[in-house]
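Working notes, structure below.
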2 protein chains.
Amino acid sequence: MDQVDRILAQWRTERPDLDVGPMGTLGRMSRLFRHLREELDKVYLEYGLSQASFDVLATLRRAGEPYALSPSMLIEWTMVTSGTMTNRVDRLEAAGLVERRRNPDDRRGFLVGLTEQGRVLIDEAVTAHVANQHRLTAALTAEERQAFDVLVAKWLSAFEENEG
Amino acid sequence: MDQVDRILAQWRTERPDLDVGPMGTLGRMSRLFRHLREELDKVYLEYGLSQASFDVLATLRRAGEPYALSPSMLIEWTMVTSGTMTNRVDRLEAAGLVERRRNPDDRRGFLVGLTEQGRVLIDEAVTAHVANQHRLTAALTAEERQAFDVLVAKWLSAFEENEG
DNA sequence: CTCCTTTATCTTGATATCAAGATAAATACT
DNA sequence: AGTATTTATCTTGATATCAAGATAAAGGAG
């Protein structure tokens, strides 16, 4: 009997006409997701980062040398709006973790590149982040996690099937 | 090969020292969750609501007659801060969906109650919301969804085991 | 070459959230 | 009763986000 069960029990009393099975699935998933995000945030914070800034730095890092992408590419990978990305890059630039490099061939845009300080930081932070992800997924056995992956991938494909 | 696979492939090239298996699990889950939230928002919007306002109204509705709770109870159920709840109640009150009722026994606080308009609206919205949840979970068979529920409940219990 | 459209990014204004502090009333302690 | 503590809620200030519009440069049509 967790919090979600209590919510479902209330609905069954108040609105017995509704079949709230899916609400249990989505509700528990939502709570789990919330806990996971909180735990991930703790590690980001150890490196002075947030989910938002970590995402930008990690996207640049895993793009490979020279660790630089246009704002448009960053927007595409991180799925935020242009206004949000401007703000994120501004903050990271002020912190000395990225720099805007003018593109001589197209003066509309430029590249956002990791500084040496930014590269060192994100490499350390990613190592800790991955270790944290291992810790957080350890509640399931390897077999359970694999079964979970299959189900999530199937479900996800209902939304992204045409994008592969 | 979805977007998450591409991200993992990048990491395996750039940081072959990292075991990014859990990142796949969490990454796909995160994307799935994002899609689900977007789809849920669409139905909230049909009733002029957001996730935030729906949550408050639904919490009051499922509490049963007389559909009224203190801000403290609402904060507990919805897991937001007091400042956030003040803001939410302000909006809902301005929209005529809830009203603040003074508690004669404790003048520090009061009760937030559904207006008749609020009760009618949330009853309609919940019906549509539950139908939407059925639609969104239909990507999995009943057996798959049940297996998924078991795994999520187990994982969730790692975070909430002492709260049941 | 000039004008129009598209692309790339930034700016503005509105909203939601949180943390921390303020306010006010109830309760407990002496 | 009088003071201190706790509880309940609101206020303030900072941050992040988005949608829509502004700005500037590139590319295409004639």
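Quick caveat: nothing in here was measured; it's all calculated off a predicted structure. Just so we're on the same page: letters track the sequence lines, and every chain starts at 1. Side chains included, hydrogens not; waters and symmetry mates left out as well; all remaining heavy atoms used.
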*Could you state the atom-to-atom distance from CZ of A/R108 to C1' of D/dG27 in whole Å?*
8 Å
*Got a sec: does the CD of B/Q146 have more than 12 other heavy atoms crowding it under 6.0 Å?*
no
*5'-most contact on DNA chain D: A/S82 or A/D106, nearest heavy atom basis?*
A/S82
_Positional range of nucleotides in DNA chain C within the contact set of chain B, heavy-atom, under 4.0 Å_ = C/dA16 to C/dA26
*Parallel, tilted or perpendicular: which fits the ring planes of A/F148 and B/W155, with parallel below 30° and perpendicular above 60°?*
perpendicular
*Do you know which of A/Q3, A/H35, A/R28 makes side-chain hydrogen bond (donor to acceptor under 3.5 Å, both in side chains) with B/E160?*
A/H35
*So what does B/G109 hit on the nucleic acid, given a heavy-atom distance under 4.0 Å: a base, only sugar-phosphate, or nothing?*
sugar-phosphate
*Are B/V4 and A/V152 in one and the same hydrophobic cluster, where Ile, Leu, Val, Met, Phe, Trp and Tyr link if side-chain heavy atoms are under 4.5 Å apart?*
yes
*Looking across every strand, which nucleic acid part, if any, lies under 4.0 Å from B/N87 by heavy atom: base, sugar-phosphate, or nothing?*
base
*Describe the nucleic acid contact of B/S70 in one word from base, sugar-phosphate, nothing, applying a heavy-atom distance below 4.0 Å.*
sugar-phosphate
_For A/W77, does the six-membered ring have the charged nitrogen or CZ of B/R6 within the cation-pi criterion, i.e. under 6.0 angstrom from the centroid and within 45° of the normal?_
no
_Checking side-chain polar atoms at under 3.5 Å, does B/D149 have a donor or acceptor matched by the opposite partner on A/T25?_
yes
